[in-house]
Structures are given as structure tokens and as C-alpha cells.
Amino acid sequence: WFIANLCLYYLLLPVLARRSADFWRFWQLVLLIEVVLCVVPLFSGTDHRLAIYFPAFCLGVFFSSRKAPELWRWLPALLVMLGVSVALGLDPEQSLAAIGFAAVVPVVIYFPIAGFFARSSLPGVIRWLAYSGLAAYLLHRVCYRVLMFWFGSIDGPSRVVCLVVIGLPLIFGVSYLTQRAYDSLVVRLNSEAR
């Protein structure tokens with residue numbers, strides 16, 4: 001379910017990114033998509049996790065090109081969202097009441113950490129790993145399956161060494177190239193839309 005969520009969110013990202021400059025148009029689009037994600041499971045029998053985690057993703061998209069907000073300004077809204085989630089019976093796996101919780105926790109954790117890293121200078125390898133990280137999460141299993149096929153005749157500790165020494169660089173190399181290709185596609189689509 002998690003990879004399915006990420007894939008759908010990734011497909012929606014160019015549309016959301018294009019609208020993110022206009023506050024009202026962006027959040028109207030988010031609300032429309034969120035309503036669809038809440039209603040579809042009622043007819044399809046699928047779960048609600050697409051709808052539960054979508055607002056958190058949208059907050060990330062919205063603030064990706066903006067300065068991180070000062071949390072104290074958001075504190076009342078965060079507390080209300082958290083309170084509603086808890087009062088309505090928080091079940092992070094299935095309850096739509098968990099939407100507030102799923103949106104609040106990343107905000108409270110991410111923005112202070114992002115502020116810290118924005119003030120510090122990171123080595124290039126950390127930036128490279130971070131840039132490749134989401135694609136690596138999506139692609140690591142595929143890369144390891146291919147390597148397991150190639151190293152099928154190697155047993156035990158030797159296989160582990162091969163998977164680490166060859167596998168990790170391969171995963172991050174493929175992930176970096178995939179992320180670069182995706183970013184280029186987003187830029188091209190945005191420039192064609194203008």
C-alpha cells in the first residue's frame with residue numbers, strides 16, 4: 001500500500017507543483033483530490049490510507065518552494081487537528097480521523113529538522129543520498145531482485161558482501177538517474193504549460 005501511495009502521489013506531483021504558487025488554487029485542488037480519495041474506498045472496498053496521508057504529502061509540496069513556517073503560528077491549527085484525530089478514534093491505518101494526525105506529526109518533526117539543515121552546510125554525499133532517497137526506497141527491491149538472480153550461485157556471507165558492495169551503489173546510482181529524469185520531465189511539462 002505504501003509504494004502504491006507514493007506512486008500515485010508522484011503521478012499527481014506535477015499537477016500539484018504547477019498549482020503550488022497560487023495558495024487558493026493549490027488547496028482547492030488538494031481538497032478536490034482528497035474528497036475523491038475519501039469517497040472511492042466506499043465503492044471499491046479499498047482502504048483509506050491514500051486519503052489519510054495525502055494532506056501530509058501536499059504540505060510537503062506546498063512548502064517545498066517556500067520558507068518553512070514558524071511552528072508557533074501553526075500551533076493552534078496543529079493542536080485542533082491532533083485533538084480531532086484523537087477524539088474521533090484515531091486508527092492510523094484505516095480511520096479518516098487520522099488525517100489530522102498524519103498531517104501534524106510530519107510538520108512538527110520535519111520543519112525544525114529542515115531549519116537545522118538549512119543553516120548547516122552538508123557534505124555533497126549527504127545531499128546526493130538525500131536527493132536519491134525516495135527513488136531508492138521505490139527501486140531498492142527491484143535492484144536487489146536482479147542482483148539476487150545474478151548472484152544466485154553465491155552462498156551465505158559472500159552473497160551479503162556482494163549485495164552490499166555492489167547493490168548499494170547500484171541502487172543509489174539508478175535512483176539518482178531516475179530522480180534526475182523525473183525532475184527533467186517535471187521541468188519540461190511546467191515549461192510547456194506556460
Can I get a per-line list of side-chain donor-acceptor pairs under 3.5 Å for residues 137-151, giving both atom names and the distance, sequence neighbours left out?
{"from": "His140", "atom 1": "ND1", "to": "Ala136", "atom 2": "O", "distance (Å)": "3.4"}
{"from": "His140", "atom 1": "ND1", "to": "Tyr137", "atom 2": "O", "distance (Å)": "2.8"}

Within-4.5 Å side-chain heavy-atom neighbours: Val30 and Phe62: no
dist Leu13:CG -> Leu8:CG (nearest 0.5 Å) comes out at 11.0 Å
Go through the structure and list residues passing side chain to side chain contact (heavy atoms under 4.5 Å, CB included) with Ser158, not counting sequence neighbours. Ile154
Validation row: Leu12, Phe54 side chains within 4.5 angstrom (heavy atoms): yes
When you compare the side chain of Val61 with that of Phe26, does any pair of heavy atoms fall below 4.5 Å? yes
Side chains of Arg49 and Tyr53 only: does a donor on one sit below 3.5 Å from an acceptor on the other? no
So, taking the atom named SG in Cys58 and the one named CG in Leu29, what distance separates them when rounded to the nearest 0.5 Å? 8.0 Å
Could you state whether Trp24 and Leu16 fall into the same hydrophobic cluster, counting links through intermediate Ile, Leu, Val, Met, Phe, Trp or Tyr residues with side-chain heavy atoms under 4.5 angstrom apart? yes
Which residues share a side chain to side chain contact (heavy atoms under 4.5 Å, CB included) with Val160, sequence neighbours left out: Val164
Hphob cluster co-occupancy, Val187 + Tyr131, side-chain heavy atoms under 4.5 angstrom: no
In one Ile/Leu/Val/Met/Phe/Trp/Tyr side-chain cluster, 4.5 Å: Phe23, Leu59: yes
Pairs under 3.5 angstrom only: tabulate donor-acceptor contacts from the side chains of residues 97-104 to other protein residues two or more places apart or in another chain.
none

Backbone of Leu129 reached by a side-chain donor or acceptor of Ser132 within 3.5 Å: no
Over all atoms of both residues, closest heavy-atom pair of Ala51 and Glu34: O-OE2, 2.7 Å
Shared hydrophobic cluster, Phe63 / Val15 (ILVMFWY, side-chain heavy atoms < 4.5 Å): yes
Minimal heavy-atom distance between Cys38 and His48, with the atoms involved, is O-CE1, 3.7 Å
Any side-chain donor paired with an acceptor under 3.5 Å for Asn5 and Tyr10? no
Members sharing Leu31's hydrophobic cluster (side chains within less than 4.5 Å): Val35, Val39, Leu42, Phe43
Give the minimum heavy-atom separation between Gly173 and Trp128, together with the two atoms involved. N-CH2, 4.2 Å
Rounded to the nearest 0.5 Å, how far apart are CD1 of Ile171 and OG1 of Thr178? 11.5 Å
Checking Val186 now: which residues fulfil side chain to side chain contact (heavy atoms under 4.5 Å, CB included) with it, not counting sequence neighbours? Pro14, Tyr182, Asn190
Would you say Leu32 and Tyr9 are hydrophobically clustered, going by side-chain heavy atoms of ILVMFWY under 4.5 Å? no
